[in-house]
Protein chains: 2
Amino acid sequence: MVTIKDVARRAGVSVATVSRVLNKSGPVSPEAASRIHEAADALHYVPHGGARSLITSKTSTIGVLLPDLYGGFFSEMIRGIDQTAQQHGYHLLLSGSHNRRAEMEAAMRAMRGRTDGLIAMSPHFDAATLVQNLPPSLPVILLSCEAGGAQYQVIAIDNAGGAEAMVKHLLALGHRRIAMVKGEEGHFDTDERLQGYRSALQAAGIAPDPAYEVQGDFSEASGSRAVKELLALPVPPTAIFCANDSMAIGGLHAVHDAGLRVPADITVVGFDDIPLANYLSPPLSSVHVPIFEMGERAATRLIAALKGEPVSERRHERLPTQLVVRSSCAPPRG
Amino acid sequence: MVTIKDVARRAGVSVATVSRVLNKSGPVSPEAASRIHEAADALHYVPHGGARSLITSKTSTIGVLLPDLYGGFFSEMIRGIDQTAQQHGYHLLLSGSHNRRAEMEAAMRAMRGRTDGLIAMSPHFDAATLVQNLPPSLPVILLSCEAGGAQYQVIAIDNAGGAEAMVKHLLALGHRRIAMVKGEEGHFDTDERLQGYRSALQAAGIAPDPAYEVQGDFSEASGSRAVKELLALPVPPTAIFCANDSMAIGGLHAVHDAGLRVPADITVVGFDDIPLANYLSPPLSSVHVPIFEMGERAATRLIAALKGEPVSERRHERLPTQLVVRSSCAPPRG
DNA sequence: TTGTAGGCGTTATCAG
DNA sequence: CTGATAACGCCTACAA
């Protein structure tokens with residue numbers, strides 16, 4: 001491996017001078033500088049990141065911990081993070097598949113000394129307690145999880161607001177019997193979406209009906225199952241709000257299989273507004289979630305923290321969602 | 001930051017002993033070992049990756065260089081890489097958005113000393129020449145690019161075979177006037193798919209018609225434009241093969257806008273088999289590409305190389321594609 | 001079984 | 001303006 005010493009030797013100077021030139025730190029004579037650049041180029045010299053980080057205690061690397069890497073959701077988020085990181089000269093150390101707490105902890109530990117800061121998403125368990133095992137000096141941005149006091153910076157989606165907006169829209173269409181297919185149990189986003197659903201109903205003076213809250217797990221199959229169950233009820237709902245689009249797709253199938261039509265016979269809506277939503281038949285009404293922006297925002301805040309900039313007073317941030325009305329909803333029949 | 005020294009002090013031993021315990025290298029008395037483990041846990045000690053890599057010259061990190069991070073394609077590939085890497089105790093240093101050669105080069109350089117090996121995808125330019133700037137000792141797996149001699153390991157999709165299979169299917173349905181919407185210019189996969197299209201026609205004794213080869217750029221809009229152009233021809237084709245599914249979606253729209261129906265009036269097919277393909281109306285026939293497997297394969301081969309295992313004789317590997325026939329194709333009308 | 005000491009590639013702090 | 005030299009945190013002979 002070619003080191004700074006090789007460059008120094010070839011340029012006929014000391015390593016200190018080479019370092020000064022390459023980091024633009026300190027005065028160097030123009031001729032020496034050009035000789036050094038020449039030598040470095042010829043040798044294809046690149047400083048060793050590890051050695052550098054050892055002394056500067058900076059790695060120019062951001063750690064990203066995600067529960068999964070599946071589907072368009074995480075792809076978009078990583079894209080947002082990567083774009084911002086790249087602009088500021090940071091690399092990304094990525095680690096997915098941490099659905100279990102122990103895995104997440106191991107991954108966090110493994111990142112010590114390799115990253116300057118962390119972006120972690122853990123909708124399944126309280127990330128704040130998890131982060132306590134980390135040195136307090138390590139800046140961390142938490143995504144989509146319990147706030148856990150004001151000591152950590154948290155960025156999340158306005159799940160409750162989005163769900164509320166959707167249910168209010170259904171109410172405005174005239175629906176009174178509105179069911180919800182809930183997402184994975186113990187999932188942060190799910191719980192909040194359920195809350196939004198309930199509070200919108202409550203605001204309209206409608207008592208919550210346990211039979212109208214069916215458990216799903218975010219999968220298409222579970223959505224199909226849940227909707228089938230709802231349709232079999234003595235008094236079935238006139239509208240079904242699914243906690244995500246995948247389940248809504250399953251729901252669409254279930255409705256079709258039952259010989260009914262959307263939206264003529266029943267309304268089905270989702271949450272997330274994945275690209276597919278617009279291509280379904282009928283196009284699915286949903287709640288748009290700014291995933292790319294969430295990644296961008298997380299990276300921006302982390303880098304600010306890395307630069308020692310003071311944290312803005314609002315440590316907990318909510319990214320707004322947006323209601324997207326397509327043709328999968330209509331007023332209830334007769 | 002808590003270092004090995006802190007652990008040593010707390011356990012009342014020397015740093016050497018701590019190192020021996022933590023790396024299971026060398027004999028240590030049971031009591032000392034337990035004291036050390038205790039101390040390490042209490043202090044939340046994790047060795048500094050940089051310092052360690054300095055002396056072992058190993059980073060346990062794989063660099064991943066991609067042209068882009070947009071869409072389901074890269075997400076799937078990263079997932080494949082990550083899963084395999086994790087199983088073998090490797091981290092992922094990710095870097096996207098390298099459509100320009102200079103960017104790619106910069107990213108490669110920046111990874112020196114941070115990774116044990118590289119997985120690089122660069123469909124736009126010859127990656128082999130690019131890699132020449134890297135130290136020859138650095139194991140590299142190239143994805144979807146020119147072979148560039150036998151000195152590098154390359155993994156690619158069987159684009160030509162997939163295209164051929166699709167066109168042969170159309171021929172078998174009775175089509176003779178088959179057009180192709182080409183992908184982005186100078187793109188590796190595109191060129192190969194075009195080749196497959198041409199050779200299938202040739203094998204059927206059909207002379208290639210330049211008017212039936214329209215330029216696209218992988219975007220939905222370009223597909224729409226290209227298909228519109230084809231429909232306006234004096235003798236329009238009876239089937240249109242798009243180099244990817246996005247363009248096929250645009251093509252579907254164009255056909256619809258022209259007042260025609262798929263597949264009754266004209267056949268439209270794509271390539272890639274993205275999840276969306278199955279949900280379009282009509283469901284789109286396409287060529288399935290094993291993206292996740294490509295990522296898996298690349299990581300597996302790289303890790304084998306990292307362990308010093310000899311490279312299997314076939315340095316250039318082609319992953320098989322699979323024809324997926326749905327209802328967007330039918331025999332030509334009348 | 002244990003500790004001491006040297007060195008990995010850099011940068012930073014000194015003298016010159 | 002430049003060059004020794006001491007860290008940074010860790011591993012590994014070599015000695016004890």
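Per chain, numbering begins at 1; letters A, B, ... match sequence-line order. For clarity, every value in this text was computed on a predicted model and none was experimentally measured.
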Hey, are the side chains of B:Glu317 and B:Arg301 touching, using non-hydrogen atoms and a 4.5 Å cut-off? yes

Note: contacts of residues 33-40 of chain A with DNA chain D (heavy atom, under 4.0 Å) are none

Between P on C:dT10 and CE on A:Met1, what's the gap in Å once rounded to a whole number? 8 Å

So the contacted stretch of DNA chain D, first to last nucleotide with an atom under 4.0 Å from a non-hydrogen atom of chain A, runs from D:dC1 to D:dC10

Atom CD of A:Gln83 and atom NE2 of A:His88: how far apart are they, to the nearest 0.5 Å? 10.0 Å

Value rounded to 0.5 Å, distance of CD1 in A:Ile62 from CD1 in A:Ile303: 4.0 Å

Closest to the 5' end of DNA chain C, once B:Gly26 and A:Val18 are matched to their nearest nucleotides, is B:Gly26

Any side-chain heavy atom of A:Leu65 within less than 4.5 Å of one from A:Met104? yes

Sequence neighbours left out, what passes salt bridge (Lys or Arg N to Asp or Glu O under 4.0 Å) with B:Asp68? Give chain and number order. none

Ion pair check, B:Glu38 and B:Arg35, cut-off under 4.0 Å: no

Got a sec? Which of residues 41-50 of chain A come in under 4.0 Å of DNA chain C, heavy atoms? A:Tyr45, A:Val46, A:Pro47, A:His48

Compute the angle between the rotation axes at the two ends of the helix from C:dT1-D:dA16 to C:dG16-D:dC1, each taken over five pairs, rounded to 10 degrees. 40°

Are B:Arg9 and B:Asp6 within salt-bridge range, i.e. N to O under 4.0 Å? yes

Heavy atoms of A:Gln86 and B:Gly96 approach each other most closely as NE2-O, 3.2 Å

In whole angstroms, the gap separating C1' of C:dT11 from NZ of A:Lys58 amounts to 13 Å

Round to the nearest Å and state the distance from A:Leu22 atom CG to C:dT11 atom P. 7 Å

Determine yes or no for a side-chain-to-main-chain donor-acceptor pair under 3.5 angstrom, with A:Thr17 supplying the side chain and A:Val13 the backbone. no

Nearest heavy-atom approach of A:Ala299 to A:Thr84 is CB-CB, 3.6 Å

For the backbone of B:Tyr70 and the side chain of A:Glu76, can you confirm whether one donor and one acceptor N or O come within less than 3.5 Å of each other? no

Atom pair CZ (A:Phe74) and CZ (A:Arg79), whose distance is rounded to the nearest 0.5 Å: 15.5 Å

With a 4.5 Å heavy-atom cut-off, do A:Thr61 and A:Arg114 have their side chains touching? no

Between protein and nucleic acid, restricted to nucleotides 3-6 of chain C and to nitrogen or oxygen atoms under 3.5 Å apart, what atom pairs and distances do you find?
residue	atom	partner	partner atom	Å
C:dG3	OP2	B:Ser14	N	3.0
C:dG3	OP2	B:Ser14	OG	3.1
C:dG3	OP2	B:Thr17	OG1	2.7
C:dG3	N7	B:Arg20	NH2	2.9
C:dG3	O6	B:Arg20	NH1	3.1

Can any side-chain N or O of A:Thr59 pair as donor or acceptor with the backbone N or O of A:Asp116 at less than 3.5 Å? yes

Determine the contact category for B:Ser19: base if any of its heavy atoms lies under 4.0 Å from a base atom, sugar-phosphate if only primed atoms, P, OP1 or OP2 are that close, otherwise nothing. base

Pair B:Tyr152 and B:His316, ring centroids less than 6.0 Å apart: no

Main-chain N/O of A:Val15 paired with A:Ser19 side-chain donor or acceptor, under 3.5 Å: no

When B:Leu54 and A:Pro27 are each assigned the nearest nucleotide of DNA chain D, the 5'-most assignment goes to A:Pro27

